[in-house]
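If you're wondering where the values come from, they're calculated on a predicted model, not measured in any experiment. Below, chain A is the first sequence line, B the second, and so on; all start at residue 1. Heavy atoms only: backbone and side chains are in, while hydrogens, waters and symmetry mates are out.
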Amino acid sequence: MATNAEAAEAFRDIADLLDVLGERFKPEAYRRASRSLESLTEDLRAIAGRGELRSIPGVGEAIAEKIEEFLRTGHIEYYERLKKEVPAGLLDILRLPGLGPKTARRFWLELGVEGPAELTAAIDAGRLNGVKGFGPKKIEQIRAALAAAKSAPASGRVPLEEAYPIAHRLLDGLRAAGGVEQLEIAGSFRRCRETVGDLDLLATSAEPEKVFDAFTHLPEIREVRLRGGTKETVLLTNGLQVDLRVVEPVEFGAALLYFTGSKDHNVHLRSLARDRGLKINEYGIFRGEDRVGGRTEAEVYSALALDWVPPEIREDRGEVDLAARHALPRLVEATDLTGDLHVHLPEDAGAPEVDRLLAHARSAHLAYLAVVVGGVREDGSEFALPARTVERLGGAGARGLRVGRAWEHDAEGRSSRARAHEVDLEIVRPTRDQRGPPTAPPLRGTSIAVAHVGGGEAAAPWIAWLRGTAGSIEIGPGPERIDSVAGRAALEAGVGLRVVTPVGRDPHDPTAPISLGFARRAGAEKKDVRNAAAAATVTRSWSAGRTGQSPTAG
DNA sequence: GCCGTTTTCGGCCCGACTGTTTTCAGTCG
């Protein structure tokens with residue numbers, strides 16, 4: 001859906017340009033529309049074809065027309081006009097940390113500065129000295145921002161799986177230092193967005209200063225950006241920004257809600273509050289001066305007559321209305337998972353690896369596992385686990401854990417697919433050049449699972465291939481699984497998801513929790529997740545009599 | 001420019017922090 005991303009980017013630029021021009025409310029309107037387009041699961045062309053553009057949140061008459069113009073001609077006249085009016089370099093200045101539209105506009109109109117290079121030159125020439133509102137500290141701040149942008153251009157957002165271990169190290173560090181009572185990560189991290197722009201930590205403590213001191217001295221922290229009585233902002237050694245706030249226990253729920261977002265979700269809640277004569281801020285929910293809630297998130301939702309909304313779906317895509325009607329989905333939970341349908345062992349695995357895997361599965365209360373016993377590597381060569389290893393896996397059944405044999409291969413070649421008939425589960429992945437699914441339909445008589453597909457547009461043909469079958473598609477972090485946006489598309493097509501479990505993985509591996517988070521973010525309920533179904537349902541087609549045989553033996 | 005279980009007009013979140021201020025403007029989330 002490259003089109004959606006391009007349109008979203010155009011509207012974001014329009015918002016910034018309007019900001020520099022000093023417009024009051026239009027920039028937010030365009031930004032809202034831009035965010036909406038980014039999170040669509042469907043191509044804009046299809047929506048426009050049905051004449052439903054205006055059903056997109058934040059898209060009204062004027063923006064719908066601009067989208068149609070963009071789809072028709074590839075450009076937006078209004079955007080082109082704004083670009084002629086405002087020098088392009090001003091957007092780069094605007095995006096420097098600490099600089100906003102007002103400042104960018106003043107540089108442009110008062111100093112004739114039209115880009116970062118000119119701004120640097122102006123500062124070096126001393127042209128900012130004595131200008132009202134620009135003291136030595138501010139000038140130094142701008143100089144530093146310019147230098148930082150030049151050496152490391154906008155680091156942007158970080159994949160969630162990359163931020164995950166860092167975030168947990170920060171939590172561990174803060175807890176170890178003492179003085180912290182409640183401690184949570186808020187922001188898009190808590191909503192399980194695919195990428196995070198920064199980390200928002202929220203704590204309660206009787207000794208905030210002690211907590212801030214401890215935070216400042218954690219090894220991951222490179223510099224302190226700002227520090228006040230309730231909040232500290234730091235930069236990590238890897239460039240990620242982290243905000244830590246310490247609040248009162250009676251405020252914790254309200255603050256957690258507030259800093260978890262999303263912004264659009266919060267705005268929606270606020271307008272509901274206003275309608276009921278209430279006011280929400282990060283300190284609580286109030287009727288006049290009276291606090292009516294705020295210790296927990298549920299208190300705040302409840303004061304608005306809403307059910308508590310899971311963070312993963314707080315995106316203002318209809319969840320507030322569902323919460324009001326007590327009709328929110330019951331999202332899939334870790335305890336719903338009955339087994340794992342895609343587990344790898346090392347190709348030379350022996351008894352110790354098998355025993356460790358099976359013990360792990362039992363301790364995680366899984367009832368079944370599908371283990372890849374052979375298949376085709378990415379380079380086209382075949383592999384199979386040693387026969388004795390497969391035999392040992394088969395022995396697990398006697399002790400209450402069903403083990404199925406999976407065959408993993410790419411979409412090419414019937415011969416390899418014929419082999420897949422001999423096992424319990426076929427796992428198909430695209431060829432390395434990301435060609436689509438096989439032209440032949442999924443095999444009968446064996447469960448199908450698709451892996452290593454990648455998110456975004458790459459997932460669409462695979463979702464179509466699996467439609468109407470018992471097949472499933474793996475959701476989770478990384479380029480090998482589909483993201484929550486593609487996950488939602490899969491659910492809309494009636495295709496089941498497969499959630500990664502911690503079994504067979506390192507304890508610090510964030511793949512499993514994030515996989516579950518993405519599934520929830522996609523709106524998946526227990527019924528939508530293949531490996532959350534009753535074990536008997538999942539393993540019905542597995543051939544118990546064949547366990548113990550190698551896949552090449554049949 | 002969008003939006004509406006009171007609205008087709010009149011709202012649009014709001015508080016912390018910083019730097020420059022002498023009471024506030026700008027940025028950020």
Side-chain angles (χ1 to χ4, degrees), chain A residues 11 14-15 17-36 53-67 78 82 93-107 128-142 145 186-189 196-202 208 212 224-233 241-247 251 254-255 257-286 305 316 320-321 324-325:
Chain A
F11 288 126
I14 290 175
L17 291 165
L18 289 170
D19 245 341
V20 175
L21 288 171
E23 286 279 355
R24 241 347 224 114
F25 295 104
K26 286 188 193 180
E28 256 321 291
Y30 277 99
R31 243 171 235 129
R32 169 96 212 275
S34 175
R35 287 195 298 269
S36 257
L53 285 177
R54 294 192 59 179
S55 69
I56 301 169
V59 175
E61 190 182 347
I63 292 183
E65 270 176 22
K66 291 182 178 70
I67 294 174
Y78 180 63
L82 288 173
I93 291 181
L94 180 64
R95 285 163 195 167
L96 292 172
L99 293 188
K102 298 272 171 50
T103 316
R105 182 178 167 82
R106 285 191 62 197
F107 287 150
L128 238 60
N129 301 339
V131 177
K132 190 163 170 253
F134 293 95
K137 277 190 167 176
K138 189 83 200 166
I139 293 175
E140 196 39 52
Q141 199 184 79
I142 297 169
S188 47
F189 185 98
V196 297
D198 61 10
L199 291 175
D200 297 290
L201 307 189
L202 194 63
F212 287 133
V224 177
R225 274 255 173 99
L226 58 88
R227 176 169 170 176
T230 63
K231 138 173 198 186
E232 176 169 352
T233 297
Q241 180 175 308
V242 186
D243 294 338
L244 170 66
R245 290 177 175 80
V246 179
V247 302
E251 304 163 346
L257 177 60
Y258 185 91
F259 291 109
T260 296
S262 68
K263 187 188 171 105
D264 292 331
H265 179 82
N266 286 353
V267 167
H268 198 150
L269 294 187
R270 269 204 183 81
S271 75
L272 277 187
R274 206 180 43 239
D275 294 348
R276 290 157 202 251
L278 296 165
K279 191 180 87 168
I280 308 178
N281 56 29
E282 62 259 59
Y283 302 110
I285 179 160
F286 301 88
D316 196 27
V320 177
D321 290 339
R325 305 202 320 263

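The residue A:Arg227 sits close only to the backbone: its heavy atoms come under 4.0 Å of sugar-phosphate atoms, none of a base. Backbone-only contact: A:Gly229 has heavy atoms under 4.0 Å from sugar-phosphate atoms and none from a base. Using a 4.0 Å heavy-atom cutoff across all strands shown, A:Leu96 reaches sugar-phosphate atoms only and no base atom. If you check every strand for non-hydrogen atoms under 4.0 Å, A:Gln241 touches sugar and phosphate atoms only. Residue contacts shown for A:Lys26 include a base, since a base heavy atom lies under 4.0 Å away. A:Tyr30 comes within 4.0 angstrom of the backbone, heavy atoms only, and of no base. Here A:Glu61 lies in heavy-atom contact (under 4.0 Å) with sugar-phosphate atoms only. Among the protein residues, A:Pro101 comes within range of the sugar-phosphate backbone only, with heavy atoms under 4.0 Å from sugar or phosphate atoms but none that close to a base. Counting non-hydrogen atoms under 4.0 angstrom, A:Lys132 reaches nothing in the nucleic acid.
Rounded to a whole angstrom, the distance from the C1' atom of B:dG11 to that of B:dT6 is 14 Å. Between B:dG4 and B:dT8, the distance separating the two C1' atoms is 9 Å to the nearest Å. The C1' atoms of B:dT18 and B:dT23 are separated by 15 Å, rounded to the nearest whole Å. Between the C1' atoms of B:dT20 and B:dC13, the separation comes to 26 Å (whole Å). A distance of about 16 Å separates the P atoms of B:dT27 and B:dT21, rounded to the whole Å. On the C1' atoms, B:dT7 is 14 Å away from B:dC2, given to the nearest whole Å. Atom name C1', nucleotides B:dG10 and B:dG15: the rounded distance is 24 Å, in whole Å.
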side-chain contact (heavy atoms from CB on, under 4.5 Å) assessment of A:Leu269 paired with A:Leu257: CA-CA 10 Å; A:Leu269 294 187; A:Leu257 177 60; 4.0 Å; yes
I'd like to know whether A:Arg31 forms a salt bridge (Lys or Arg N to Asp or Glu O under 4.0 Å) with A:Glu28, so could you lay out the CA-CA distance, the side-chain angles of the two residues, the decisive distance to 0.1 Å, and finally the verdict. CA-CA 5 Å; A:Arg31 243 171 235 129; A:Glu28 256 321 291; 3.3 Å; yes
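Ranked by how close their nearest DNA chain B nucleotide is to the 5' end, A:Gly98 and A:Pro136 are led by A:Pro136. The 5' end of DNA chain B is approached more closely, in terms of each residue's nearest nucleotide, by A:Lys138 than by the other of A:Lys138 and A:Leu99.
Shown here, B:dC2 forms a base pair with B:dG11; the pair counts as Watson-Crick or G-U wobble because both key distances fall under 3.5 Å.
Put simply, CD on A:Glu65 and CD on A:Glu61 are 5.5 Å apart, with the number rounded to the nearest 0.5 Å. In this structure, NE2 on A:His268 lies 5.5 Å from CG on A:Asp321, to the nearest 0.5 angstrom. A distance of 11.0 Å separates CG in A:Leu244 from CG in A:Leu199, rounded to the nearest 0.5 Å. Atom CD1 of A:Ile285 and atom NZ of A:Lys279 lie 11.0 Å apart (nearest 0.5 Å). The OH atom of A:Tyr30 sits 13.0 Å away from atom CG of A:Asp19, with the distance rounded to the nearest 0.5 Å.
You can see that DNA chain B meets the heavy atoms of chain A within a 4.0 Å-exclusive cut from B:dG1 to B:dG29, reading 5' to 3'.
A cation-pi arrangement is found for A:Arg245 relative to A:Phe259, the charged atom lying closer than 6.0 Å to the ring centre and inside a 45° cone about the ring normal.
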